[in-house]
Engineer: 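My structure is below; once you've seen it, I'll send some questions.
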Amino acid sequence: MDKLSPRHVAIVMDGNGRWAKQRFLPRIAGHKRGVDALKRVVRLCAQRDIQVLTVFAFSSENWNRPQDEVSGLMELLALALAREVAQLQKEGVRIRFVGERQGLSASITKGLDEAERATAANTRIELNVCFNYGGRWDVVQAARRLVADGQAITEEALSSALSTAHCGDPDLIIRTGGEMRLSNFLLWQAAYAELFFSPCLWPDFDAADLDAALAAYEGRERRFGKTSEQLSPE
Ligand code: FPP
């Protein structure tokens with residue numbers, strides 16, 4: 001049985017709105033605490049030798065939220081970029097933004113590019129922030145790219161045209177906030193990922209919650225379509 005720790009962990013950071021509502025705060029206050037949780041979890045993952053962390057920060061569908069929440073999330077991203085890049089640098093985090101750049105403002109796009117450039121040489125942990133991302137968008141953009149290049153559409157070619165081709169598929173996908181669905185996150189890449197659903201609201205997610213997910217992963221048998229007997233013959 002494969003008892004290895006996951007190389008690549010992906011997280012749907014859900015529950016910010018409910019966290020805020022429970023405290024009679026505006027939803028954006030939950031997202032702010034969500035940024036703090038993300039900083040904490042990046043550090044925890046690096047300490048646990050996870051090589052890649054991919055998080056869902058803003059989906060293609062999140063544009064449909066109330067206008068003040070959308071603009072609040074954009075401001076939060078701009079602020080986080082301005083404030084956190086130096087710290088990421090210090091901690092050896094390489095950041096990449098995954099998703100559609102079209103539709104984002106010129107100043108946000110510039111911030112994303114600068115953060116990617118500034119951290120490009122870091123090797124301790126790779127952080128992919130999926131922003132303006134959707135799993136269906138990703139498959140469509142990959143297929144379009146192959147067609148434009150005149151390439152045959154095979155599983156390998158499509159995988160290598162996805163926006164996450166640089167880091168491979170996730171081994172473990174965690175969703176916080178108690179819902180049990182993928183919500184258009186890494187649809188193709190999730191084919192053989194282990195799934196872990198935590199009732200914890202994202203701003204509260206801490207070391208114990210992460211370790212519970214990692215312990216559950218360790219106990220899973222990853223068969224990739226084979227039988228148990230084929231994996232460990234007597
Ligand atoms: C889902 O919670 C969370 C989001 C849509 C945003 C996640 C963003 C962060 C954690 C901050 C990092 C990102 C930026 C922009 C710097 P929800 O609002 O759906 O919560 P609910 O289900 O309780 O309403």
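Every number for a ligand or one of its atoms is a count from 1 in the order of the listing.
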Engineer: If you measure from atom 7 (C) of ligand 1 to every heavy atom of Gly30, Gly177, Ala57, which option wins on shortest distance?
Structural biologist: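 Heavy atom nearest to atom 7 (C) of ligand 1 belongs to Ala57.
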
Engineer: Below 4.0 angstrom from a heavy atom of Trp202, which ligand 1 atoms are there? Numbered from 1 as shown, please.
Structural biologist: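 Those of ligand 1 that fall under 4.0 Å from Trp202 are 10 (C).
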
Engineer: For the 3.5 Å polar cut-off, considering only N or O atoms, please tell me whether Arg65 and ligand 1 meet it.
Structural biologist: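 In this structure, Arg65 places an N or O atom under 3.5 Å from an N or O of ligand 1.
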
Engineer: Treating Asp138 as the side-chain partner and Gly135 as the backbone partner, does any N or O pair qualify as donor plus acceptor under 3.5 Å?
Structural biologist: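 No: the side chain of Asp138 does not pair with the backbone of Gly135.
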
Engineer: Looking only at protein heavy atoms, which one is nearest to atom 5 (C) of ligand 1, and how far off is it?
Structural biologist: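 Result for atom 5 (C) of ligand 1: Asn62 OD1, 3.7 Å.
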
Engineer: Taking a cutoff of less than 4.0 Å between a non-hydrogen atom of the residue and any ligand atom, is Phe131 in contact with ligand 1?
Structural biologist: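 It does; at least one heavy atom falls under 4.0 Å.
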
Engineer: For atom 1 (C) of ligand 1, which protein heavy atom lies nearest, and how many Å away is it?
Structural biologist: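 Here the closest protein heavy atom is Met13 O, 3.3 Å.
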
Engineer: Judged by atom type as modelled, is there a donor-acceptor pair below 3.5 Å linking the side chain of Arg27 to the main-chain atoms of Glu69?
Structural biologist: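 No: the side chain of Arg27 does not pair with the backbone of Glu69.
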
Engineer: Based purely on interatomic distance, does Arg18 place a nitrogen or oxygen under 3.5 Å from a nitrogen or oxygen of ligand 1?
Structural biologist: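 Yes.
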
Engineer: So if I apply the side chain to side chain donor-acceptor pair (under 3.5 Å) rule between Asn16 and each of His31, Arg33, Lys21, which one comes out positive?
Structural biologist: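 For Asn16, the side chain to side chain donor-acceptor pair (under 3.5 Å) test succeeds with only one of His31, Arg33, Lys21, which is His31.
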
Engineer: Checking the N or O distance criterion of under 3.5 Å, is ligand 1 in contact with Arg27?
Structural biologist: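 N/O-N/O distance below 3.5 Å exists for this pair.
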
Engineer: Thr227 side chain to Gln230 main-chain N or O, any donor-acceptor pair under 3.5 Å?
Structural biologist: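 Pair found, side chain donor or acceptor close to backbone of Gln230.
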
Engineer: Which residue supplies the protein heavy atom nearest to atom 4 (C) of ligand 1, what is that atom called, and how far is it?
Structural biologist: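 In this structure, atom 4 (C) of ligand 1 has His31 CE1, 3.8 Å as its nearest protein heavy atom.
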
Engineer: Do ligand 1 and Gly15 have nitrogen or oxygen atoms that lie under 3.5 Å from each other?
Structural biologist: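 Between Gly15 and ligand 1 (N or O atoms, distance only) the closest approach is under 3.5 Å.
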
Engineer: Which residue and atom name correspond to the protein heavy atom nearest atom 17 (P) of ligand 1, and how close is it?
Structural biologist: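 Heavy-atom neighbour on the protein nearest atom 17 (P) of ligand 1: Asp14 OD1, 3.5 Å.
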
Engineer: Which residue and non-hydrogen atom of the protein lie closest to atom 15 (C) of ligand 1, and at what distance in Å?
Structural biologist: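 Protein heavy atom at minimum distance: Leu73 O, 3.6 Å.
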
Engineer: Do Asp206 and Arg40 sit within salt-bridge range, that is, some charged N less than 4.0 Å from a carboxylate O?
Structural biologist: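 The answer is no: the pair does not qualify as a salt bridge.
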
Engineer: Atom 11 (C) of ligand 1: which protein heavy atom is closest, and how many Å away?
Structural biologist: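 For this ligand atom, the closest protein heavy atom is Val35 CG2, 3.6 Å.
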
Engineer: Check if Phe58 has a non-hydrogen atom at a distance under 4.0 Å from any atom of ligand 1.
Structural biologist: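 Not so, Phe58 does not reach ligand 1.
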
Engineer: Under 4.0 Å from any heavy atom of Gly34, which atoms of ligand 1 are there?
Structural biologist: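 Contacts of ligand 1 toward Gly34, numbered from 1: 10 (C).
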
Engineer: Using a strict cut-off of less than 4.0 Å between a Lys/Arg side-chain nitrogen and an Asp/Glu carboxylate oxygen, indicate whether Glu126 and Arg96 qualify as a salt bridge.
Structural biologist: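 Yes, this pair counts.
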
Engineer: With under 30° as parallel and over 60° as perpendicular, where do the rings of Tyr133 and Trp137 fit, or are they tilted in between?
Structural biologist: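 Tyr133 and Trp137: perpendicular rings.
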
Engineer: Nearest to atom 10 (C) of ligand 1 by heavy atom, Ile28, Thr176, Asn16: which?
Structural biologist: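 It is Asn16 whose heavy atom sits nearest to atom 10 (C) of ligand 1.
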
Engineer: Given His8, which partner from the list Thr54, Asn128, Thr164 fulfils the side chain to side chain donor-acceptor pair (under 3.5 Å) test?
Structural biologist: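 For His8, the side chain to side chain donor-acceptor pair (under 3.5 Å) test succeeds with only one of Thr54, Asn128, Thr164, which is Thr54.
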
Engineer: May I ask you to check whether over 12 heavy atoms, not counting those of Gln102, lie within 6.0 Å of atom CD?
Structural biologist: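 No, CD of Gln102 has 12 or fewer neighbouring heavy atoms, counting only those of other groups under 6.0 Å.
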
Engineer: Any nitrogen or oxygen of Gly17, side chain or backbone, less than 3.5 Å from one on ligand 1?
Structural biologist: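 Among all N and O atoms of Gly17, at least one is under 3.5 Å from an N or O of ligand 1.
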
Engineer: Does Arg101, at its CZ atom, have more than 12 non-hydrogen atoms belonging to other residues, nucleotides or ligands within less than 6.0 Å?
Structural biologist: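 Atom CZ in Arg101 is packed in, count exceeds 12.
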
Engineer: Looking just at side-chain N and O atoms, do Trp19 and Asp204 make a donor-acceptor pair shorter than 3.5 Å?
Structural biologist: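 Result is yes, a qualifying pair exists.
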
